[in-house]
Engineer: 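Mind having a look at this structure? Questions to follow.
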Number of protein chains: 2
Amino acid sequence: MLYGGARMSTQRRLIAEVVTALPGAFTAEELHRAVAERAPGVGLATIYRALCAMQAAGTLSHVGERGGSALLALCGRHDHHHHLVCTSCASVVGVECPLSDAAFAPAVKQGHLITSHQIALYGLCASCRTSEGA
Amino acid sequence: MLYGGARMSTQRRLIAEVVTALPGAFTAEELHRAVAERAPGVGLATIYRALCAMQAAGTLSHVGERGGSALLALCGRHDHHHHLVCTSCASVVGVECPLSDAAFAPAVKQGHLITSHQIALYGLCASCRTSEGA
DNA sequence: GTGTCATGTGAGAAGCGTTCTCATCTCTAC
DNA sequence: GTAGAGATGAGAACGCTTCTCACATGACAC
């Protein structure tokens, strides 16, 4: 259930299917185009509402930015982690948080307190790296 | 020279003064208001152009986000580092990059290659932490 | 199956931050 | 002083996102 307890409509079912079928990270505009291919007439507002519902349900995450738009991706993980966005194929890989307490030691030593952080990682996923190396 | 080799106008001189006088991170809108207090009539476009010039000159950095706007701050450092934005006083502290090669080891082990990263740190600076503790 | 009601929908306007355009001004080099 | 490159202000335009409103529809009780 991508939307949590929210009501399921035909549009939302379709949007969920398209989101699941997409290879990785996508913007709202890209999703709108992909949905429009299967059902022209679905409004952009509906896309944003569905994305909002999925984010609220915790099945969708904001993983970065592309061309000024929010980059989103399916992610069911609820533990603290970050996302590596492949700049080649747009796939998204969940990675453990690379920050340990030790990493903040210099800042803490200066008296600062770090309460939250946002990390966006960009690079190549394993398969793109393999095919590039070939 | 906040603008690098670019031409200096009275507006840019004023903007540079205001930027220097501001306590820490600010948005374009906040800077526009601050500049307007001393010289009403300076256009928002001029603010954005000046900010762009300062970023190009490497004297200004994008350090995070606030309310959907880009959060900027003066920063002359040219080495690789990140910024801790104090959520209490908006001051900005440059901190060493907390990511080492070891931090990426799990991702690298899975075959991924991380080429770039963006980190935004939020918390309390030393002085705010001291005054809060008092 | 029917009725009710909360919730989702599409279209488009609006809001927001940012960038662009263009005529004009002004700083800088000579 | 002059020429020309570059900066300016005003406001239109842009792109992304959210809101509004009348209407449609799914869920649920009966």
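Quantities reported herein were computed from a predicted structural model and do not represent experimental measurements. To find a chain, count down the sequence lines: A is the first, B the second, and so on, and within it residues start at 1.
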Engineer: Please determine whether residues Val42(B) and Tyr3(B) belong to a single hydrophobic cluster, defined as Ile, Leu, Val, Met, Phe, Trp and Tyr linked transitively by side-chain heavy-atom distances below 4.5 Å.
Structural biologist: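 Yes, same cluster.
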Engineer: Atom CG of Leu44(B) and atom C1' of dG11(D): how far apart are they, to the nearest Å?
Structural biologist: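 It is 11 Å, rounded to the nearest whole Å.
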Engineer: Can you check whether Arg12(A) has a side-chain N or O nearer than 4.0 Å to OP1 or OP2 of dT9(C)?
Structural biologist: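 Answer yes for this pair, as a side-chain N or O of Arg12(A) is under 4.0 Å from OP1 or OP2.
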Engineer: For a quick check under 3.5 Å, do His82(B) and His117(A) share a side-chain donor-acceptor pair by atom type?
Structural biologist: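 The answer is no; no qualifying pair exists.
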Engineer: If each of Thr10(B) and Ala28(B) is mapped to the nucleotide of DNA chain C with the nearest heavy atom, which maps nearer the 5' terminus, i.e. the 5' end?
Structural biologist: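 Of the two residues, Ala28(B) wins.
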Engineer: Between dA10(D), dT18(C), dA27(D), which nucleotide has the shortest distance from any of its atoms to the side chain of Met8(A)?
Structural biologist: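 Of dA10(D), dT18(C), dA27(D), dA27(D) is nearest to the side chain of Met8(A).
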Engineer: Which nucleotide sits closest to the side chain of Thr46(A): dG9(D), dT19(C), dT9(C)?
Structural biologist: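 Nearest to the side-chain atoms of Thr46(A), counting from C-beta on, is dT9(C).
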Engineer: Mapping Val42(A) and Ser9(B) to their closest nucleotides on DNA chain C, which lands nearer the 5' end?
Structural biologist: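 On the 5' side of the pair lies Val42(A).
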Engineer: Figure out the CG/C1' separation between Leu14(A) and dG8(C), and round it to whole Å.
Structural biologist: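 Nearest whole value for this atom pair: 14 Å.
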Engineer: Can you tell me the distance, in whole Å, between the CZ atom of Arg7(A) and the C1' atom of dT25(D)?
Structural biologist: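 Between C1' of dT25(D) and CZ of Arg7(A): 7 Å.
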Engineer: More than 12 non-hydrogen atoms from neighbouring residues, nucleotides or ligands closer than 6.0 Å to CG on Asp101(A), yes or no?
Structural biologist: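 At most 12 heavy atoms, drawn from other residues, nucleotides or ligands, come within 6.0 Å of this atom.
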Engineer: Whether Tyr48(B) contacts dT18(C) is assessed here as follows: a side-chain N or O lying under 4.0 Å from the phosphate OP1 or OP2. Is that the case?
Structural biologist: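 So the side-chain polar atoms of Tyr48(B) do come within 4.0 Å of the phosphate oxygens OP1 or OP2 of dT18(C), strictly under.
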